[in-house]
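Numbered from 1 within each chain, the chains take letters A, B, ... in sequence-line order. We use all heavy atoms of the structure for the numbers below, so side chains are in, but hydrogens, waters and symmetry mates are not.
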Amino acid sequence: MATEAAPMDEKAKRMRDLLSSFYAPDPSISTSGSSISASFDNINSTSFDADQYMDLMIKKSNLEVLLQRHVQMAAEIKNLDTDLQMLVYENYNKFISATDTIKRMKSNIFGMEGNMDQLLHKIMSVQSRSDGVNTSLFEKREHIEKLHRTRNLLRKVQFIYDLPARLQKCIKSETYGDAVRFYIGAMPILKVYGDTSFQDCRRASEEAIEIIIKNLQTKLFSDSESIQARAEAAVLLKQLDVPVDSLKDKLLEKLEQSLDGLQIKPEEASLLAEHNDSSNDAESNEQLPAKIHEDAVRGFSEAMRAYREIFPDSEERLFKLAKALTAMHFENLELYIRKRVSAADFLRIFRIIWEDVILMDEVLPEAELSDLSAEAAQVTVKKFVARTFSHLQQDISDTILKFDINQKEAVEEEVLKVVLEASKKAGIQGTTDIFQDFRQLLDENIGIFVKMKDLIIGWIQNGFQDFFRSLEAQFLALSGKTSSSKDIEGGLVEGKSSDKIHAGLILVLAQLSVFVEQKVIPRVSEEIAASFSGGNSQAFENGPAFIPGELCRVFHAASEKLLQHYIDTRTQKISVLLRKRFKTPNWVKHKEPREVHMYVDMFLHELEEVGKEVKQVLPQGTFRKHKRTDSNGSNTTTSSRSNTLHNDKMTRSNSQRARSQLFETHLAKLFKQKVEIFTKVEFTQESVVTTTVKLCLKSLQEYVRLQTFNRSGFQQIQLDIQFLKAPLKETVEDEAAIDFLLDEVIVAASERCLDVIPLEPPILDKLIQAKLAKSKEHNNNNNNTVSS
Amino acid sequence: MQGGSSGIGYGLKYQARCIADVKADTDYTSFLTGTLSLKEENEVHLLRLSSGGSELICEGLFSHPNEIWDLASSPFDQRIFSTVFSTGDTFGAAIWQIPELYGQLNSPQLERVASLDAHVGKINCVLWWPSGRCDKLISMDEQNIFLWNLDCSKKSAEVLSKDSAGMLHSLSGGAWNPHDVNAVAATGESSVQFWDLRTMKKVNSIEHAHVRGVDYNPKREHILITAEDESGIHVWDLRKAKVPVQELPGHTHWTWAVKCNPEYDGLILSAGTDSAVNLWYASASSSDEKTSQSPVESIRQRVNPLLNSYTDYEDSVYGLAWSSREPWVFASLSYDGRVVIESVKPFLPRV
C-alpha cells in the first residue's frame with residue numbers, strides 16, 4: 001500500500017506544483033526547494049537543462065530504459081495537456097457568470113434616486129406639523145405644572161399646620177412612633193422657616209414633642225412597662241436626638257444605687273440567717289428578710305435583663321455591675337465570717353449569695369459570673385476554714401488565759417486543775433464542733449461545693465496541720481520560752497512573755513501538749529480518715545496534708561520542752577534564793593550555828609508549791625511503791641557510810657584530814673554505784689518533784705563549791721543539810737540520789753573549809769529538834785490566825 | 001552521744017577549775033592548768049600534747065602559792081601567764097613567768113613578773129589583750145574593772161584606768177572582743193555589760209540574768225555567746241541585743257563555760273555542772289539569712305544543733321579551752337582534777 005501511495009503522492013504533488021507555477025508569477029518561490037536538489041534530473045526545476053538531461057540520460061541508460069522513459073514522458077505530456085484544457089475551461093466559465101452578475105446589478109440600481117427624494121420631502125412636512133402642535137399646547141402645560149407645584153406646597157403647609165394637632169392626637173393615642181415619624185418629616189421645613197412663617201406652629205409642635213419625649217422617658221424608666229415598649233421608647237428617643245447615653249447612665253446609676261440595697265451587710269447577715277431559720281420552722285406571713293432580699297435580687301436581675309435589651313451597647317457596664325454585686329456579696333461574707341459564725345449560718349448566707357449569682361448568671365451568661373464567683377467562693381470558703389481554725393485556737397488559748405492566776409490561788413485552790421480540765425474540754429469540744437461544721441460544708445449540695453469538695457478536704461487537712469503547728473508554737477510562746485531563732489516577730493512575743501506567765505501554767509501547757517498528742521490528734525486523724533479522706537489525689541503532689549505522726553512528734557517534743565521549762569523556771573526561782581543565801585554572808589567569818597537557817601524553810605516552801613501544782617496537773621506515778629522498797633536498802637547503807645565518814649573525820653588530825661578526805665570521796669565514788677542524778681523527766685508528779693529537788697541540790701553543791709568556809713560556816717551547812725534530809729526524803733521518790741546529793745553538798749563544803757570540824761551529832765539533833773518545834777509552833781500560830 | 005572516751009586523760013593531784021591554751025606556743029599544742037586546793041600546796045601544770053597527738057606530757061610542774069581560781073596565758077609569750085588566786089578570805093592576781101627549763105622537772109619556782117594589787121574586792125578574772133604583742137591587761141573584781149599596762153622588763157604593772165560597775169552588779173567574768181580591742185564584755189548578776197576601754201565607761205548591756213560564761217565569736221563580728229545557769233546557751237547579735245539570735249538547750253544542770261572555736265565558725269563547746277562537755281553547731285546563719293533557708297533545712301538544724309556530748313567525767317566540768325594551734329583539739333578539766341583532751345575532728349562540718 002505504501003509503495004502504491006508514494007507514486008500517487010508524487011503525482012499529485014507535481015500536479016499542484018505545476019498549477020501553482022501556472023498561477024504564480026514567480027515560480028522560484030514554490031519550487032526553490034526541489035530545484036536545487038534535482039537540478040539535473042528534475043524536469044520541473046527552472047534550471048532544468050534539457051540538453052544536459054538528455055546527455056545524462058543517453059550516457060547512463062540503455063535503450064530499453066530510454067524507450068521506457070520516452071513512453072512515460074509522452075504519457076505525462078498528454079496528461080498535462082488535458083489538465084491545462086480543463087483549467088482554462090473552468091476559468092472561462094467563472095468569468096462569464098461574473099459578467100452576468102454585474103449586468104444584473106446595474107439594472108437594479110437604476111431608479112432608486114427618485115424614491116429617496118420623495119421620502120425626504122415627506123419627513124420634512126411631518127416635522128413642521130409636529131412643531132406646530134407643540135407650540136400650541138405649551139402654554140397650557142405650563143399652567144398645569146404651576147398649579148401642581150402650588151398644590152404640593154399647600155399640602156406641606158397644611159401638614160405642618162396640622163402637626164401639633166396630629167402630635168397631640170398621637171400623644172392621646174400613645175402612638176409615639178407615628179408622632180416621631182411626623183415630627184422628623186417636618187423637621188427640615190421647620191428648621192428653615194421655623195423662625196418666620198411657622199413660628200407658632202413650630203412652637204406648638206415642639207411642645208408636643210417635649211411632651212412626647214417626657215412620656216417616652218417615663219415610659220423608659222417605668223418598670224411596669226413591657227421591655228418591648230421600653231426598648232421602643234429608647235429607640236424613639238434616640239431618633240429624636242435626645243441624649244440617650246445620659247439616660248442610660250442615669251438608669252445604670254439607679255441600678256448601682258439599688259446595689260446598696262442588695263448588700264448583705266454583716267450586721268444583717270446574722271439576722272438574715274436567723275430569720276431564714278425561723279421561716280423554715282413556721283411559715284409566717286410577714287415578709288422575711290431573706291424573702292425580701294430574694295425579691296430584690298430578682299428585681300435587679302430583671303432590670304438588668306431589660307437594660308441589656310434596651311441598650312445593647314451597655315453590656316460591659318452591666319457586667320461590671322453584676323461583678324461588683326458578686327464581689328460585694330463575697331466581701332460582705334468575708335466580713336461576716338470575721339466574727340464567729342457557725343457553718344450552718346455561713347452556708348445559709350452562702351446559699352443566698354449563690355442563688356443571686358445564678359439569677360444574674362442567667363441574665364448575663366457572658367459576664368462569666370459563675371467563674372468569678374467560683375473563684376471568690378473558693379477564697380471565701382478557704383478563709384472560712386482558716387478562720388474556724390483560728391477561732392478554735394483562740395478559744396483554747398482563751399480558756400488557758402481566762403483564769404487570772406496568782407501564786408496563792410494556784411497553790412491553795414485547785415485553779416490549775418480547773419484550767420487544765422477546761423482547756424482539755426475546749427480542745428475536744430472545739431475539734432468536735434469543727435468537724436461538725438466541716439461536715440456540713442461537705443454535705444452542702446450547691447454545685448460549687450460539690451466541685452470544691454476535694455479542695456475543701458485539702459484545706460481542712462492542711463488546716464489541721466497548720467492548726468496544730470501553730471497551737472504548738474502558741475503553747476511555747478505562752479510559756480515564755482520563745483524559740484527565738486524562728487520567731488521573726490520576736491519582739492512582740494518577747495513583750496508578751498515579759499509579764500511572766502505563772503509557772504503552774506507552763507505545767508498545764510505541758511500536760512495539755514501530752515493530751516493533744518495522745519487524745520486529740522488520734523481523734524482528729526480518725527475523723528479525717530472517716531469522712532475527709534478524699535481529695536488525696538490532688539494532695540499527693542506535695543504529700544498528704546495532714547500527717548498525724550509528725551504532729552504527734554512535735555507535740556511530744558513540745559510537752560517535754562514545756563515540762564523541762566517548768567522545772568527550769570521552778571529551779572531558777574530556788575536558785576535565786578540559794579544564790580542570795582551564799583553570796584551575802586562572809587563565810588570565812590561565819591559565827592557559830594545557832595539554828596537552821598531560814599532559807600531552808602523557803603526552799604521547802606517552794607518545793608511544797610511545786611508539789612501542789614504538780615498534784616493538780618500531772619498523774620501519779622505508778623511505780624512509787626516499788627521504788628521506795630528498793631531504795632530502803634541503799635538508804636541505810638549510805639547513811640551508815642556518811643556516819644563513818646564523820647566519825648573518821650573527828651578522830652583524825654587536821655593536817656591529815658584534808659588529804660585523806662579527798663581520797664576518801666574519790667574512793668567512795670568508786671565503790672558506790674554511780675548515782676544517775678540527771679534522769680529523764682517523766683510526766684508523773686514524783687518524777688517532776690524529784691527532778692526539781694535534784695537540780696536544786698546540785699545547785700546548792702555548786703554554790704558551796706564557790707565559797708570558802710571557816711569551821712562555823714561548815715557547821716551551818718552541815719546543820720542545814722541535816723535538817724533538809726527528812727522532809728526531802730518524804731517528798732521524793734529516789735531517795736538514793738537525794739542522799740547522794742546531800743552528802744555531796746557536805747563533802748563540797750568540807751573541801752572548801754579551812755578547818756573541818758563537824759558538829760557533834762547530839763548538838764545537831766538538838767538544833768534540829770528546836771527548829772522542828774519552832775516550825776510546828778509557827779504553823780499552829782498560822783492556823784490559829786487563819787481560823788480566828 | 002556516746003559516752004565512750006576517745007580522749008587523752010591526765011590527772012592533777014588536786015581539784016582544779018581552770019585550764020588555758022598556750023596561744024603563744026607555736027611549736028606544740030600546750031595547755032596550762034592550775035589546781036584549786038585550799039590547804040595543800042597548789043601547782044601549775046604545763047601540759048603538752050605529743051606530736052602524734054596520742055599522749056599528754058607534763059612539760060613543767062611549778063608550785064603556786066595559793067589556790068588558783070583563774071588562769072590565762074599570755075598571747076605573745078608562751079612563758080608568761082596570769083593567775084587569780086585566793087587564800088581563804090583574800091584574793092590576789094599576778095603575772096608569772098615560767099623559768100627556763102632545761103629538762104629538770106623538780107618544781108622550780110615561778111617568777112612573779114607583777115602583781116595586780118589594786119583590787120579590794122574578790123578578783124574574778126584577768127584578760128589579756130586578744131592577740132599580738134601588747135602589754136595591756138584587764139582585771140575584774142566584783143565591782144570594778146581595771147586596765148593595766150604591763151612592763152615585763154621592769155617587772156611592774158600600773159593601772160591605766162578603772163571604772164566601777166556599781167555595787168549591785170557583782171561582775172563574775174568577761175571576754176575581750178577580738179574584733180574591737182576597745183570593747184570588753186563582763187558578766188554580771190543580771191546582765192552582760194560592755195565597756196569601751198578608751199573612755200573606760202559602760203556603753204551597753206544585755207539584760208539577761210545569771211550569765212556564767214561569755215565568749216566572742218572570733219570568726220564573726222558582733223556575735224556573742226553566753227552560758228547561763230538554768231537556761232542554756234544563747235547566741236546574741238550585739239547589734240540587736242534585745243533578743244537572742246539563737247538558743248541552745250545547754251546542759252542538764254548549769255552551763256558553766258562556753259567557748260567558740262577559733263577556726264571553725266559556729267562550732268561551740270560548752271561545759272556544764274552535769275559532768276559533761278557538749279559540742280554544738282550553731283548554724284552560721286543569723287536572722288538575716290534565715291528567710292532564705294529552706295524550711296526543711298531549718299528544721300534539720302533546729303532538731304540537732306548538738307553534735308556530740310562528752311560525758312566521761314566524774315565531776316562538774318569548769319575548765320574548757322580550745323587549742324589555737326590545732327583548732328580541732330580542746331582540753332577540758334573537771335573538778336576532780338582530770339584533764340581530758342579530745343579531738344572534734346569527726347564532727348567538723350565538711351567543707
Under 4.5 Å, counting heavy-atom pairs only, tell me which of A:Tyr703, A:Phe709, A:Trp587 racks up the most with chain B. A:Tyr703
Using the rule given for salt bridge (Lys or Arg N to Asp or Glu O under 4.0 Å), can you reason through B:Asp274 versus A:Lys694, listing the C-alpha separation, both sets of side-chain angles and the distance that settles it, and then say yes or no? CA-CA 11 Å; B:Asp274 59 348; A:Lys694 278 177 184 171; over 6 Å; no
Would you mind telling me which of A:Thr691, A:Ile567, A:Thr708, A:Val576 has the largest number of heavy-atom pairs within less than 4.5 Å of chain B? A:Thr708
Derivation and outcome, side-chain contact (heavy atoms from CB on, under 4.5 Å), residues A:Arg752 and B:Glu67: CA-CA 11 Å; A:Arg752 297 300 310 157; B:Glu67 57 169 4; 2.8 Å; yes
Separation between OG (B:Ser316) and CZ (A:Arg705), nearest 0.5 Å, reads 4.5 Å
Step by step, work out the side-chain contact (heavy atoms from CB on, under 4.5 Å) result for A:Glu751 and B:Tyr14. CA-CA 11 Å; A:Glu751 280 166 2; B:Tyr14 310 113; over 6 Å; no
B:Trp69 and A:Leu706 have their tightest heavy-atom pair at CH2-O, 3.7 Å
Polar contact flag, side-chain donor to acceptor under 3.5 angstrom, B:Tyr318-A:Glu702: yes
Taking atom CD as the centre, does A:Glu592 end up with more than 12 heavy-atom neighbours from other residues, nucleotides or ligands that are less than 6.0 angstrom away? no
Test B:Thr252 against A:Lys698 for side chain to side chain donor-acceptor pair (under 3.5 Å), laying out the working first. CA-CA 11 Å; B:Thr252 326; A:Lys698 181 70 184 167; over 6 Å; no
Kindly give the heavy-atom pair with the smallest separation between A:Leu754 and B:Lys39, and that separation in Å. O-CD, 3.9 Å
